[in-house]
Amino acid sequence: MGKWIIYGLVFACGTGFAAVPALEYPGSGATVYQTLPYFEWNDVVPHPYVGQYEIQIDDNSDFSSPFDTDIIPALLSWYSPTEEMVRGTTYYWRVRYMDEQGTPDEWSTVSAFAIGFPYVIDVLTTDGWDEIQAKHVQVADYGHTNAQAAELRFPANHTFNLVQDPADDYLFEYNSHDNYIINGRGSTIIMQCTQKTNDVPKCGFWLVQNCNHLQIHDIIIDYAPDSLSQFGGVISNLDKDNRSFTVTVDTNVYANFDEAAPVAHGYFVDAENLQRLGVLGTGLNTVTNWDGARQSDTVFDFTIDPDWAGMWNQLTGDLENGDYFISSPVPDRGGDIFYLFNSVADFVANNVTTRASRGRYFVVRKSNSLYNRCINNDFLRTQGRLRGAASGGVNNHGDYAWYENCAFDYTRDDAFHNGSGDSLPDGPGQAVVRHCRIESCFRNSLWVQMDRHWVADNTVTWPGSAAIHIGETGQGDGASNSQMDVGLIENNLVVRPYKQAFRSGYNPNIEPDPVTGEFNQYVTIRNNTIIDNKRNQAFDLEYLKNSTVENNVVSNRFRGWSAYHDPALQIGFHLRNSTNVVGIGNRVADNRITPENQLVVDASSTSNITVEVIDDRWVDIYTPLFSETWENAAA
């Protein structure tokens, strides 16, 4: 009888290798029009998907110098490249399985496909909103009725200043269209929102539903400053005892106080690194004088309701004059950059730069949306604006999702959230978040749910809540049923999380997931580095089952705890309500954490948890990011 070693756990199974993969997409002899196609093959190993796949793609059938080669965990059965392929070229690809020791099996058969040339419709430099919309309809209709795709091609490096049509929520709306491409060629679109009667304009860019095989690339997106649904500015006259403060705003940037008032959330934000210090409840009913706050066009005085005095004390422990107060409404969740709703398959956005947003950056709704990718994109804050997105970054409810080489700056909600809502709890999942940079996300930086996740090699700095959040937690009766079944969370760097760096949980207010029950199961958390936890424990791990936590490092270089912290939660690794969790090689290199708090295993967890914590406190494992300089805590 052979065996598979599953993330440090041993499970008996059959002998020999898995079957040779059968290639499914792109099929042999196919012509595809996206320069970043996806690749899919059949699963050859059963749950929990042990081992790896190696994929090779080349423009030579002998694979002598592969255009792309990669090794991915066997919990995935598909792949997305990050480098665009050349039109008019035939490519060859193959896949093979490798066991847990890295021993390869036989290659699959080789499949060949071509990258075709699309039919092109050009946008002119003189085109406005109406002309661009008319041409995008031509492109969509052509691609839907012809085997050849159509491309809407912008002039290179031109700037379009467009005023939204009051009748339109989005610049581009597609329904039941296939095979189209938008090639921005480095052009910039700056949107100016119009005001609707008794409504806030959504003013988004792409609304897509019931479509297949789409690509948008090489375009820059921005908004006119007074089109952002945001309000905020610098705090002065901070009176912590009387719960009051003044906000001085630049109305050239934040001209939407009245628009923000009815549905906004309020945040305190540290000026040094734009890290969220807390949220004022679920809305601005926490502020007693919102309607009367305006003292002039630029000065606003706020007082916090006495009912929120306890939260005020928590939020203001780290707050100082010169920090920021920011408020952003989310009316109808509108104004998204990419909104994929209902049955969108094979959509890819790549090399798109977005400077601010009225809503979210990339939204996938409905679990019947498949094979959608977000590759090589920069979702950035514009200079002079405190916020990047008025809502979150990625909100993905589909299956087979791939996010790689993307940057997310300053999102009001989660930078990446996969699962929940209308996702099927027994769906295929298969989400990848790899090589992304997430900075100063106001909530969870990466919130991963559902099944078969690979979260690897990401850099997360200054998260306002958990840097990486696995599964669900008890936040309301309406929260979703989305525990994780099979996941690999590895090689991530987290710097200065405000609360936890890693968190896993289960929501007791809902019925357990029919597959996993209460637990996140078969999850491996390995080779991650945490620097300078600010307030709570680095690893707060709850409801894990048959999982591994190994070779992670908790470190501190020179920073102390937050002014508002709980000494009982100054913990390196904290395991609760878990069973059959193993792992060695974890290190606590943080002299703020006492030896007895390096590893805390609650009585609610079974006795076979054997996470080993090695006290190696001054190991130098941190390389400064970007232009940062850090003091040596041991000096």
**Q** Taking the six-membered ring for Trp and the full ring for Phe, Tyr or His, determine whether the centres of W206 and Y174 are under 6.0 Å apart.
**A** no

**Q** I'd like to check the side chain to side chain contact (heavy atoms under 4.5 Å, CB included) partners of E83; sequence neighbours left out, ordered by chain and number.
**A**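 By the side chain to side chain contact (heavy atoms under 4.5 Å, CB included) rule, E83 matches F67.
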
**Q** Side chains of H469 and Q449: donor-acceptor distance under 3.5 Å anywhere?
**A**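 There is no such pair (donor and acceptor under 3.5 Å, judged by atom type) between the side chains of H469 and Q449.
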
**Q** Taking atom types as modelled, is there a side-chain donor on N376 or N351 under 3.5 Å from an acceptor on the other?
**A**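 The criterion, which ignores hydrogens and geometry beyond distance, is not satisfied for N351 and N376.
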
**Q** Do D399 and Q430 meet the criterion of a side-chain donor-acceptor pair at a distance under 3.5 Å?
**A**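 No, no side-chain donor-acceptor pair sits under 3.5 Å.
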
**Q** Within the distance-only criterion (no hydrogens, no angle test), does the side chain of S578 pair as donor or acceptor with the backbone N or O of L544 below 3.5 angstrom?
**A** yes

**Q** Quick one about Q215 and T35 (side-chain donor to acceptor, distance below 3.5 Å, no hydrogens or angles considered), yes or no?
**A** yes

**Q** Assess, by modelled atom type and distance only, whether the side chains of H397 and N395 contain a donor and an acceptor separated by less than 3.5 Å.
**A**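 N395 and H397 do have a side-chain donor-acceptor pair below 3.5 Å.
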
**Q** Do the two ring centres, one from Y38 and one from Y25, sit under 6.0 Å apart?
**A**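 Ring centres of Y25 and Y38 closer than 6.0 Å.
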
**Q** Listed by chain and number, what are the side chain to side chain contact (heavy atoms under 4.5 Å, CB included) partners of I220, not counting sequence neighbours?
**A** T188, T353, R355

**Q** Keeping D414 on the side-chain end and N444 on the backbone end, is there a donor-acceptor pair under 3.5 Å?
**A**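 Pair found, side chain donor or acceptor close to backbone of N444.
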
**Q** Hydrogens and angles aside, do H213 and D346 bring a side-chain donor and acceptor to less than 3.5 Å of each other?
**A** yes

**Q** Looking at the rings of Y361 and F338, which for Trp means the six-membered one, are their centres under 6.0 Å apart?
**A** no

**Q** Which side-chain N or O atoms in residues 59-66 pair as donor and acceptor under 3.5 Å with protein atoms at least two apart or in another chain?
**A**
unit_1	atom_1	unit_2	atom_2	d
D62	OD1	S64	N	3.1
D62	OD1	S64	OG	3.1

**Q** Inspect the contact between R434 and D70 and indicate whether a charged nitrogen and a carboxylate oxygen are less than 4.0 angstrom apart.
**A** yes

